[in-house]
K.L.:
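The structure follows.
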Amino acid sequence: MYALVDCNNFFVSCERTLDPGLENKPVVVLSNNDGCVVSRSKEAKDLGIPMAAPAFKYKELFKKHNVKSFSAKFELYNFKSQQVIHISKSYVGEKDYEVYSIDELFLDLTSFKYVDIFNYCIKLKEEVKSEAKIPVSIGIAPTKTLCKIANRIVKKDPERFNGVFALDTPEKIEKALKWLNIGDVWGIGRRLAIKMHDNGVYKAWDLLQKPEMWVRKVMGIHGVRMINELKGIRQLELDTPSPKKSIAVTRSFMQMLTKREEVRERVETFGMYCSERLRKQNTCCKMVTVFVQTNRFRKDLPEYRNAKTRILPNPTNSSIILGRVVHELFEEIFEEGFHYKKAGVIVNDFVPEDQRLINLFEEDTQNQHLPVMRAMDAMNKKYGKDKVRLGSMSGQNTWGRAQLSPEYEAFLKNNTLTEANFRFH
DNA sequence: TCTGGGGTCCTAGGACCC
DNA sequence: TCTGGGGTCCTAGGACCC
């Protein structure tokens, strides 16, 4: 059996650890620039606030029902995530867990032959609640896909199930599959859901009645795996953490930008962040993409979007080299006269720092830069983000960030956990 | 006025090779 | 001049996830 430990409306629960007065009240957490709703308390869901709702459209509703809204605080969420992971993984063997996302992890319970798994998970749930102050739901099942379903069943009626539910008999599985809408199956997105409906598949159970050839044709290799997973035949193992294959730093701007210099500064800063993250995982990239785009919601303004990718002569993670490339790519795609809303830098095609193949005919300064970069990283770690930076950066990385609460300021002061600690935990 | 920010994997089609 | 049948690799785009 696997178990899926999933934090209940995670970001909101994190906010409640800072301010217990938010308990039992409608609370939402907003994305960057306070744009979209990305986490909702149960009370907020009951008010009909959908996921990813644009905040400005719900201002009135928030006011009317006294919904508390918060800007996202990722340092806090990462910290709480680690606490939950730390407690959860102590319940299984050393490598018998997979951190699936910031608020979810799978546990492999296969080796527990004589333990009452259900009560074991209740105990885990209660420890996470008392130690990390985060409520979790746990779904137990023979496959990951069924764990997701078990978890959904818990969340539907938490009191009834006391936070834990096991899909552990063929009868329970059949009942669950006949209840679950096809669009809610893990791996079925909006597009596929429509295709399913067009073909008379409405419940997860209906998919199992379709011939395998049909599934293979419509969904590709995914579909065949999904069917087996739904039947309780394991197709997906626990993933071991692997280095990233791409790194992206992209942002929407609070206000639209029109000046070349303003956008350029932002984009080069994104490039810097990419190179910092490359150095954190000790890799260099061979490919860089820069993109800019206008506001696609503003039909009254001319629309423009463009992207350009460069393959580097030599792999690098130097902020200086990357900054230069980003600058050049930016100049190739930037057009005057548009209102820019969003931009980003994406790097991919990585090689380990110490296994770079060097082009014979191109100058390679990566190794000269590296000690400087390391020193810069060390200083920024000690004294704070962007304290040491390239001359082309303004150092204002707080764009679009709302007022921080005193509780949060205190939290930041007392906890030095960083993204890197989290990732390589 | 105001609509997030990351990731992964698969597939189809083109370029090229023998 | 015309034609066949098999590969590999790369890329762009689509679909999914949180």
Side-chain angles (χ1 to χ4, degrees), chain A residues 4-7 9-11 28-39 49-60 62 69-74 77-78 81 98-106 144-145 148 151 182-196 216-226 235-236 239 241-256 270 273-274 277 281 286-287 289 291 293-301 307-311 339 341-350 399-402 419 422-423:
Chain A
L4 172 61
V5 181
D6 192 325
C7 302
N9 34 59
F10 182 55
F11 296 172
V28 297
V29 173
L30 306 177
S31 64
N32 227 25
N33 300 337
D34 294 345
C36 288
V37 174
V38 292
S39 182
I49 301 165
M51 188 61 174
F56 76 92
K57 282 191 181 168
Y58 287 82
K59 275 266 158 60
E60 285 302 309
F62 289 178
S69 68
F70 293 91
S71 305
K73 302 165 184 145
F74 280 100
Y77 309 151
N78 280 329
S81 174
E98 173 194 343
V99 177
Y100 181 68
S101 74
I102 192 164
D103 67 340
E104 283 169 80
L105 74 158
F106 287 101
K144 286 175 151 188
T145 308
K148 280 278 189 184
N151 216 294
I182 188 70
D184 293 332
V185 174
W186 194 35
I188 303 275
R190 273 211 356 252
R191 295 299 177 93
L192 274 175
I194 292 168
K195 225 184 257 184
M196 291 294 144
R216 168 74 234 222
K217 209 178 126 220
V218 174
M219 304 176 60
I221 192 73
H222 269 124
V224 181
R225 276 208 291 264
M226 181 182 296
Q235 305 279 296
L236 304 169
D239 268 339
S242 53
K244 287 196 183 311
K245 294 176 177 170
S246 73
I247 291 172
V249 178
T250 72
R251 292 287 179 280
S252 295
F253 310 130
M254 191 79 124
Q255 271 110 22
M256 291 186 285
F270 301 158
Y273 293 159
C274 282
R277 286 160 66 177
Q281 59 169 27
K286 292 195 276 190
M287 219 151 100
T289 303
F291 73 85
Q293 50 188 257
T294 53
N295 189 343
R296 67 198 163 100
F297 296 104
R298 290 290 296 268
K299 295 301 175 201
D300 55 323
L301 294 172
K308 197 140 202 175
T309 299
R310 161 108 34 107
I311 294 168
H339 293 70
K341 178 63 182 170
K342 186 174 178 177
V345 176
I346 303 163
V347 293
N348 42 38
D349 210 347
F350 300 158
W399 304 60
R401 195 149 178 188
E419 190 188 356
F422 171 69
R423 202 172 299 288

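Within every chain, numbering begins at 1; the chains are lettered A, B, ... in the order of the sequence lines, protein sequences first and strands thereafter. When reading the values below, keep in mind they use all heavy atoms of this one structure, side chains included, and skip hydrogens, waters and symmetry mates.
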K.L.:
State, without any angle test, whether A:Ser71 and A:Asp34 hold a side-chain donor-acceptor pair at a distance under 3.5 Å.
P.N.:
yes

K.L.:
Output yes if the stacking criterion (under 5.5 Å between centres, under 30° between planes) is met for A:Phe56 over the base of B:dT1, else no.
P.N.:
no

K.L.:
With a 6.0 Å cut-off on the ring centroids, do A:Phe74 and A:Phe11 count as close?
P.N.:
yes

K.L.:
Just the rounded figure in Å: distance from C1' of B:dT3 to CD1 of A:Ile49.
P.N.:
16 Å

K.L.:
Could you pick out which residue, A:Lys245 or A:Lys341, lies toward the 5' side of DNA chain B when each is mapped onto its nearest nucleotide?
P.N.:
A:Lys341

K.L.:
Let me know the distance between CG of A:Asn32 and C1' of B:dG4, rounded to the nearest Å.
P.N.:
7 Å

K.L.:
Round to a whole Å and report the spacing from CG of A:Asn295 to C1' of B:dG4.
P.N.:
13 Å

K.L.:
Backbone N or O of A:Lys73 within a donor-acceptor pair of the A:Tyr77 side chain at under 3.5 Å?
P.N.:
yes

K.L.:
Calculate the interatomic distance between A:Ile247 atom CD1 and B:dG5 atom P; express it in whole Å.
P.N.:
17 Å

K.L.:
Can you check the A:Gln255 CD to B:dC2 C1' distance for me, whole Å?
P.N.:
10 Å

K.L.:
Take the angle between the ring planes of A:Trp186 and A:Phe106 and call it parallel below 30°, perpendicular above 60°, tilted in between.
P.N.:
tilted

K.L.:
Rounding to an integer number of Å, can you tell me how far A:His339 NE2 sits from B:dC2 P?
P.N.:
10 Å

K.L.:
Quick check against the 3.5 Å criterion: does A:Asp6 have a side-chain atom that pairs as donor or acceptor with the backbone of A:Asn151?
P.N.:
no

K.L.:
Would you say the side-chain atoms of A:Glu98 pair up with the backbone N or O of A:Asp239, donor to acceptor, closer than 3.5 Å?
P.N.:
yes

K.L.:
Between B:dG6 and A:Ser246, is there an OP1 or OP2 to side-chain N/O distance shorter than 4.0 Å?
P.N.:
no

K.L.:
Side-chain contact test, heavy atoms from C-beta onward, threshold under 4.5 Å: evaluate it for A:Glu104 versus A:Leu4 and give yes or no.
P.N.:
yes

K.L.:
Tell me whether the OP1 or OP2 atom of B:dT8 has a side-chain N or O from A:Lys244 closer than 4.0 Å.
P.N.:
no

K.L.:
Between A:Arg296 (CZ) and B:dG4 (P), how many Å, whole number?
P.N.:
7 Å

K.L.:
Phosphate oxygens OP1/OP2 of B:dG5: is one of them under 4.0 Å from a side-chain N or O of A:Ser31?
P.N.:
no

K.L.:
Using heavy atoms to find the nearest nucleotide of DNA chain B for A:Pro243 and A:Phe253 separately, return the residue whose nucleotide is more 5′.
P.N.:
A:Phe253

K.L.:
Counting only side-chain nitrogens and oxygens, does A:Arg298 get under 4.0 Å of the OP1 or OP2 atom of B:dT3?
P.N.:
no

K.L.:
Given that both pair distances must be under 3.5 Å and the pair must be Watson-Crick or G-U, what runs of three or more consecutive pairs involve DNA chain B?
P.N.:
B:5-18 with C:5-18

K.L.:
For nucleotides 10-18 of chain C, which of its nitrogen or oxygen atoms have a protein nitrogen or oxygen under 3.5 Å away, and what is each distance?
P.N.:
| unit_1 | atom_1 | unit_2 | atom_2 | d |
| --- | --- | --- | --- | --- |
| C:dA15 | OP2 | A:Arg191 | NH1 | 2.7 |
| C:dC16 | OP1 | A:Gly189 | N | 2.9 |
| C:dC16 | OP1 | A:Gly189 | O | 3.4 |
| C:dC16 | OP1 | A:Leu192 | N | 2.8 |
| C:dC16 | OP2 | A:Arg191 | N | 3.3 |
| C:dC16 | O5' | A:Gly189 | N | 3.4 |
| C:dC16 | O3' | A:Gly187 | O | 3.4 |
| C:dC17 | OP1 | A:Gly187 | N | 2.8 |
| C:dC17 | OP1 | A:Ile188 | N | 3.3 |
| C:dC17 | OP1 | A:Ile188 | O | 3.4 |
| C:dC17 | O3' | A:Trp186 | NE1 | 3.3 |
| C:dC18 | OP1 | A:Lys148 | NZ | 2.8 |
| C:dC18 | O3' | A:Asp103 | OD1 | 3.3 |
| C:dC18 | O3' | A:Glu104 | OE2 | 2.8 |

K.L.:
Please give me every residue in residues 216-226 of chain A whose heavy atoms get under 4.0 Å of an atom in DNA chain C, ordered by residue number.
P.N.:
none

K.L.:
Within the structure shown, what part of the strands sits under 4.0 Å from A:Lys59 by heavy-atom distance: base, sugar-phosphate, or nothing?
P.N.:
nothing

K.L.:
Would you kindly give the CZ-to-P distance between A:Phe350 and B:dG7, to the nearest whole Å?
P.N.:
8 Å

